[in-house]
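Data first, discussion second: the structure below is written as structure tokens.
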Amino acid sequence: MKILGIDIGGTGIKGAVVNTKTGELLTERFRIPTPQPATPEAVANVVKEMIAYFNWKKAVGCSFPTTIVNGKCIHSGNLSPDWLDVRVDKLFKKVCKLPFFISNDADLAGLAEVSLGAAKKEKGVVIVVTIGTGIGSGLFFNGKLIPNLEIGKMLHTNGEIIEFHTADSARKREDLSLEAWAKRFDALLEYIRLVYTPSLVVLGGGISKKYSTFKPYLKANVKVKVAQFKNNAGIIGAAMYASKKM
């Protein structure tokens, strides 16, 4: 099945038409910068622009960077406080005149990786961690999604949520070396190991492309793989999610 997948992130909104059986992108990926401020109206208009670019007339799958329950934001996430309690699927349908199937971005990136990518056929607990503006996480057991795990919302020792300390945005904001940042992330990996005992952790997000460079600084006794679909996992998972819902 061919479905348009859209991945909404803190810095960019990306889309492509996907073969949901293979995970192949059937078009070039198209990216539009996330509007600032990223209010519901502003983001919806960019999504409408994305729909027009692909001349898309059917249902759309969309990954969104916060906790989504039945299409509704139950946390404001890292885009704008205005997203709290917004029914994202209804908003996008109203603006774009098309049906939308929407879920958490890390859950959907994980869906792609567990079904077709780095965690295919992996048994036990698999956690997909996306590292970007925030820290996203998807939890799977024997291939089944357990939705809305928010590891990034755990509290750090300073009382702030841990993604403020560990996300790639923190590395950029504080001008950290890759080694200094990796040591922070290693502490998060060790916490994941202690709490969840995963058989595998899959790393996604833009910084995962640098994994070979920061891998030597990770000491937690956890099996780690880089997302096979890399930064396209959210797009592919969004399309697969829409396919399953349809």
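If you're wondering where the values come from, they're calculated on a predicted model, not measured in any experiment.
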Q | Check: I151 and I192 side chains under 4.5 Å, non-hydrogen atoms | A | yes
Please tabulate, for side-chain N and O atoms in residues 231-246, each donor-acceptor pair with protein atoms closer than 3.5 Å (sequence neighbours left out).
residue, atom, partner, partner atom, Å
N232, OD1, R29, NH1, 3.2

Q. Other than V128, which residues form its hydrophobic cluster under the rule that side-chain heavy atoms must be closer than 4.5 Å?
A. V114, V126, F140, L145, L200, V202
Q: Report the residues that fulfil side-chain hydrogen bond (donor to acceptor under 3.5 Å, both in side chains) with E174, sequence neighbours left out, ordered by chain and then residue number.
A: R184
Q. When you look at CG of N221, are more than 12 heavy atoms from neighbouring residues, nucleotides or ligands closer to it than 6.0 Å?
A. no
Q. Are the side chain of N45 and the backbone N or O of E41 linked by a donor-acceptor pair below 3.5 Å?
A. yes
Q) Under the side-chain hydrogen bond (donor to acceptor under 3.5 Å, both in side chains) test, which residues partner Q36, sequence neighbours left out? A) none
Q | side chain to side chain donor-acceptor pair (under 3.5 Å): pairs with one or both residues in residues 124-148, sequence neighbours excluded | A | none
Q. Is it the case that more than 12 heavy atoms not belonging to K153 sit under 6.0 Å from its NZ atom?
A. yes
Q.
I'd like to check the side-chain hydrogen bond (donor to acceptor under 3.5 Å, both in side chains) partners of E190; sequence neighbours left out, ordered by chain and number.
A. R193
Q: Among Ile, Leu, Val, Met, Phe, Trp and Tyr joined by side-chain contacts under 4.5 Å, find the other residues sharing a cluster with I161 and list them by chain and number.
A: L155, F164
Acceptor/donor pairs from residues 66-80 side chains to any protein atom, 3.5 angstrom cut, sequence neighbours excluded:
residue, atom, partner, partner atom, Å
T66, OG1, H75, O, 3.1
T67, OG1, E150, OE2, 2.7
S80, OG, D82, N, 3.1

Q) Do the rings of F100 and F92 sit parallel, tilted or perpendicular, given the 30° and 60° boundaries? A) perpendicular
Q. Any side-chain heavy atom of I6 within less than 4.5 Å of one from I51?
A. yes
(Q) Holding to side-chain hydrogen bond (donor to acceptor under 3.5 Å, both in side chains), I want the full list of residues that pass it with K183, two or more places apart in sequence or in another chain. (A) E179
If you look only at distance, which donor and acceptor atoms sit under 3.5 Å apart when one is on a side chain in residues 17-28 and the other is two or more places apart or in another chain?
residue, atom, partner, partner atom, Å
N19, OD1, K21, N, 2.9
N19, OD1, T22, N, 3.3
T20, OG1, M1, O, 3.1
T22, OG1, E24, N, 3.2
T27, OG1, V17, N, 3.1

Q. Looking at L203 and F185, what are the two nearest heavy atoms and their distance?
A. CD2-CZ, 3.6 Å
Q: Sequence neighbours left out, what passes salt bridge (Lys or Arg N to Asp or Glu O under 4.0 Å) with K14? Give chain and number order.
A: D7
Q.
With side chain to side chain donor-acceptor pair (under 3.5 Å) as the rule and sequence neighbours excluded, what pairs involving residues 97-121 come up?
A. none
